[in-house]
Amino acid sequence: MDDDNPTSQIYDVAIVGAGPAGLTAALYAARSGLSTVMIERGVAGGQAATTHMIENYPGFPDGVAGPELMAQMQQQAEKFGAEVVQADVDALELGGETKKVKSGSQEWAARTIILAMGAYPRKLGVPGEDDLVGGGVSYCATCDGAFYKGKKVAVVGGGDSAIVEALYLTRFATEVTVIHRRAELRAAKVLQDRAFNHEKVKFAWNSVVTSVEGEGILDHLVLKNVKTGEETELKVNGVFVYVGYDPNTALVKGQVGLDPHGYVVAGEDTKTSLPGVFAAGDLRVKGLRQVITAAADGAVAAEQALRYVEENEA
Ligand code: NAP
């Protein structure tokens with residue numbers, strides 16, 4: 001027996017990440033009688049917990065606040081006996097019969113692992129961006145939008161996230177400029193229509209941000225028109241970056257198969273290249289990344305973990 005893992009327990013399933021994929025996996029695994037531990041570094045819920053309103057999760061005709069839906073998912077998983085631990089996982093040992101999840105001196109051993117670490121917001125990668133995080137640069141409108149009451153903000157990106165969050169920001173800001181590198185949005189038509197019809201939402205088309213300027217606090221963005229090369233300044237108090245996501249798979253690189261963009265290669269059965277290791281949610285190669293598809297993956301992964309445990313019982 002050691003101090004860091006006082007029970008020296010070997011769980012049936014260890015789930016890494018508590019977004020909708022991990023939470024659903026925990027619910028299904030625990031409910032089917034598997035001893036289940038889920039390890040999450042932040043607040044359970046992942047990206048969905050930073051979404052102010054989810055309008056397309058079935059069963060909620062008026063929409064549901066992301067944090068509320070995620071808290072309910074966690075409660076449901078815990079009700080069936082899933083253990084939720086807060087720790088920053090820094091190493092995963094996925095080979096062999098007993099797999100290990102490590103965080104500093106803490107360690108959890110399990111027969112199966114469900115990878116559900118999701119994805120993180122992509123940065124613009126321009127000068128000034130890192131320096132002004134917390135001083136006007138944000139990746140979460142739900143978290144920071146309220147600071148911009150009566151102010152002007154910009155949103156970078158043209159996908160669903162950018163438009164959903166631009167519309168949310170109209171609750172606080174006097175003007176929201178969407179900066180998009182093309183002249184056509186990627187977002188769903190229903191969202192586009194709402195944005196085009198909103199008096200507070202403006203657009204900077206064919207434009208990219210080349211630098212974020214300000215001394216400790218954002219003063220303005222430098223925009224470049226990609227068609228004409230012309231540079232202009234846009235004075236805003238806040239900029240919200242929504243240019244897509246990258247998978248959180250650095251810890252599994254070299255252990256399970258990844259595609260060229262770093263997503264875990266696993267089919268609809270969530271099986272990775274390693275036996276007993278499953279991938280659920282946004283970090284898996286897939287066509288549609290939504291709360292419901294993440295949740296679906298979680299259910300499938302838990303079912304696969306159950307089969308694996310049964311088939312490999314000593
Ligand atoms: P996304 O669909 O990948 O869109 C990213 C946007 O950022 C695109 O418009 C892209 O431009 C732009 N972009 C990418 N790199 C850029 C760069 N370096 N500089 C400037 N612009 C850049 O990402 P997302 O909007 O975050 O959505 C992710 C997933 O979640 C999608 O599957 C989406 O449908 C889903 N989602 C759904 C909802 C919903 O309400 N249903 C809400 C949020 C997210 P291009 O268009 O030119 O490529």
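Just so you know, ligand 1 is whichever comes first in the structure, and atom 1 is the first atom listed for that ligand.
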On a heavy-atom basis, I'd like to know which of [options] is closest to [atom].
atom: atom 22 (C) of ligand 1; options: Val243, Asp160, Ile292; result: Val243
atom: atom 41 (N) of ligand 1; options: Leu288, Asn56, Thr51; result: Asn56
atom: atom 5 (C) of ligand 1; options: Gly244, Gly287, Gly63; result: Gly244
atom: atom 43 (C) of ligand 1; options: Gly159, Ala188, Ser161; result: Ser161
atom: atom 17 (C) of ligand 1; options: Gln47, Arg186, Lys286, Arg181; result: Arg181

For Glu83, enumerate each residue passing the side-chain hydrogen bond (donor to acceptor under 3.5 Å, both in side chains) test, keeping only those at least two apart in sequence or located in another chain.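 For Glu83 the side-chain hydrogen bond (donor to acceptor under 3.5 Å, both in side chains) partners, ignoring immediate neighbours, are Tyr11.
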Who pairs with Gln76 by side-chain hydrogen bond (donor to acceptor under 3.5 Å, both in side chains), at least two apart in sequence or on another chain?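 If we apply the side-chain hydrogen bond (donor to acceptor under 3.5 Å, both in side chains) test to Gln76, skipping adjacent residues, there are no hits.
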Considering both backbone and side-chain atoms of Leu124, is one of its nitrogen or oxygen atoms within less than 3.5 Å of a nitrogen or oxygen in ligand 1?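 Checking ligand 1 against Leu124, no N or O pair falls under 3.5 Å apart.
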Pair Tyr148 and Phe240, ring centroids less than 6.0 Å apart: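 Between Tyr148 and Phe240, the centre distance is under 6.0 Å.
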Pair Tyr28 + Phe80: ring centers closer than 6.0 Å: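 Aromatic pair excluded; centres sit 6.0 Å or further apart.
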What do you reckon, is CZ of Arg122 surrounded by more than 12 foreign heavy atoms closer than 6.0 Å? yes
Lys202 and Glu175 ion-paired at < 4.0 Å: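 Salt bridge flag = no for Glu175 with Lys202.
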Residue-level breakdown please: for Glu55 versus ligand 1, do any non-hydrogen atoms fall below 4.0 Å on the side chain, on the backbone, on both, or on neither? neither
